[in-house]
Amino acid sequence: MEKLKLYHTSALELINPDVNYGRRNADFGGGFYLSDNPEFSQKWANDRKSIINEYTLDLTGLTVKHFSLDMEWFEYISNNRAGYPDIFSETDVIIGPIANDTLYDTYGIITSGLVDGKDSLKLLSVGKRYMQLNIKSENAAAHLRWEGARKLSGTEIQESQKAVREEEKEFREAFWNALKKLENFEEIENMLS
């Protein structure tokens, strides 16, 4: 029996989250997204009402797709964001890396046709690595147990927002340095200007 401790930041206590709510064109398609990292989850705090919901997920009996930072992961995210049918729509839970462009808009560069898959993976590997978990089915939601919630203080929210700004700045610098190492950097730079 594998159990995971997970977190989701919201303005509400989400005792019974709705897996049918949310964007279908997100990284891992529609579902309820969580993190195994409470500090990362807290970075999604955006107002004075932010709450970190804590859960335990029992994976026993669930179909789980684990992604690594590889071409399968990249193609799955690209297809979901482009609105193609979700090839893992029947999977209960998907676990894998968050595409770092959630902090900085790299998606346009990566999907421009100027960057091949191998170089796209290099660019998406820049920066801190966080994992995400998406509960895609009612079956998986039934295995999710709400453990409680904690309201974030104004100071915690301000510190989180400051950390996000600092991380974005570091990411932009690292991303630009990685971009400059690509063979066709001049062509990409012309596209960006």
Side-chain angles (χ1 to χ4, degrees), residues 6-12 14 22-54 67-71 73-82 94-134 150-182 184-193:
L6 301 166
Y7 307 89
H8 179 91
T9 299
S10 173
L12 306 168
L14 297 172
R23 294 183 4 242
R24 298 278 173 242
N25 65 341
D27 285 358
F28 296 161
F32 183 65
Y33 283 79
L34 301 121
S35 173
D36 63 349
N37 183 319
E39 288 79 27
F40 176 76
S41 183
Q42 188 169 316
K43 290 179 181 179
W44 292 91
N46 57 13
D47 64 35
R48 293 185 309 231
K49 298 176 186 172
S50 292
I51 296 168
I52 292 185
N53 290 276
E54 299 180 13
F67 278 107
S68 299
L69 190 68
D70 59 17
M71 282 307 294
W73 167 84
F74 172 71
E75 288 171 0
Y76 181 59
I77 289 174
S78 294
N79 288 338
N80 282 331
R81 290 184 178 187
I94 297 186
I95 302 171
I98 294 174
N100 276 349
D101 69 318
T102 56
L103 296 174
Y104 180 63
D105 185 18
T106 61
Y107 189 67
I109 295 169
I110 292 167
T111 60
S112 66
L114 296 173
V115 180
D116 66 18
K118 186 179 93 182
D119 285 341
S120 293
L121 281 174
K122 285 180 190 174
L123 295 174
L124 286 169
S125 297
V126 171
K128 293 183 180 179
R129 182 65 38 222
Y130 297 107
M131 297 299 285
Q132 62 186 338
L133 183 143
N134 183 16
R150 181 176 68 81
K151 186 177 186 310
L152 296 170
S153 71
T155 301
E156 288 175 307
I157 294 168
Q158 287 175 346
E159 288 172 359
S160 291
Q161 290 171 344
K162 181 181 176 189
V164 167
R165 286 190 300 273
E166 289 171 6
E167 197 169 305
E168 284 176 345
K169 181 181 176 195
E170 290 170 12
F171 178 80
R172 283 185 183 111
E173 291 171 11
F175 182 82
W176 188 250
N177 288 332
L179 199 59
K180 289 192 290 189
K181 293 178 184 175
L182 300 182
N184 61 337
F185 170 69
E186 287 182 20
E187 192 177 353
I188 295 167
E189 187 177 32
N190 289 335
M191 181 193 83
L192 296 174
S193 25

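Keep in mind it's a predicted model, so treat the numbers as computed, not measured.
Considering only residues two or more places apart in sequence or on other chains, Gln158 meets the side chain to side chain contact (heavy atoms under 4.5 Å, CB included) condition with none of them. Ser50 pairs by the side-chain hydrogen bond (donor to acceptor under 3.5 Å, both in side chains) definition with nothing, not counting sequence neighbours. With sequence neighbours excluded, the residues that form a side chain to side chain contact (heavy atoms under 4.5 Å, CB included) with Asn80 are Tyr76, Asp86. Annotation: ring pair (Phe, Tyr, Trp, His ring centres under 6.0 Å) contacts of Tyr7 (sequence neighbours excluded): none. With sequence neighbours excluded, the residues forming a side chain to side chain contact (heavy atoms under 4.5 Å, CB included) with Ala174 are Val126, listed by chain and number. Residues satisfying the salt bridge (charged side-chain N to carboxylate O under 4.0 Å, His left out) test with Glu170, not counting sequence neighbours, are none. Under the side chain to side chain contact (heavy atoms under 4.5 Å, CB included) criterion, Lys180 pairs with Trp176, Asn177, Phe185, sequence neighbours left out.
A distance of 12.5 Å separates CG of Asn37 from CD of Gln132, quoted to the nearest 0.5 Å. Taking CD1 of Ile157 as the reference point, atom OG1 of Thr9 lies at 9.5 Å (rounded to 0.5 Å). Between the OG atom of Ser78 and the CH2 atom of Trp73 there is a distance of 8.5 Å, given to the nearest 0.5 Å. Asp27 CG to Arg81 CZ: the interatomic distance, rounded to the nearest 0.5 Å, is 4.5 Å. From Lys128, atom NZ reaches atom CZ of Phe171 across 12.5 Å, with rounding to the nearest 0.5 Å. Ser41 contributes atom OG, which lies 9.5 Å from atom CG of Leu6 (distance to the nearest 0.5 angstrom).
Heavy-atom contacts from other residues, nucleotides or ligands closer than 6.0 Å to NZ of Lys49 number 12 or fewer.
Val164 pairs with exactly one of Glu166, Gln161, Glu168 by the side chain to side chain contact (heavy atoms under 4.5 Å, CB included) rule, that one being Glu168.
Between the side chain of Ser10 and the backbone N or O of Leu12 there is at least one donor-acceptor pair closer than 3.5 Å.
Taking the six-membered ring where the residue is Trp, Phe28 and Phe67 present parallel rings, their angle staying beneath 30° rather than reaching 60°.
In terms of heavy-atom proximity, Met131 sits nearest to Ser35 at O-OG, 3.8 Å. Looking at every heavy atom in both residues, Arg129 comes nearest to Leu69 through NH2-CD2, 4.0 Å.
Judged as a salt bridge (Lys or Arg N to Asp or Glu O under 4.0 Å), the pairs with a partner in residues 36-45 (not counting sequence neighbours) are, in order, Lys43-Glu167.
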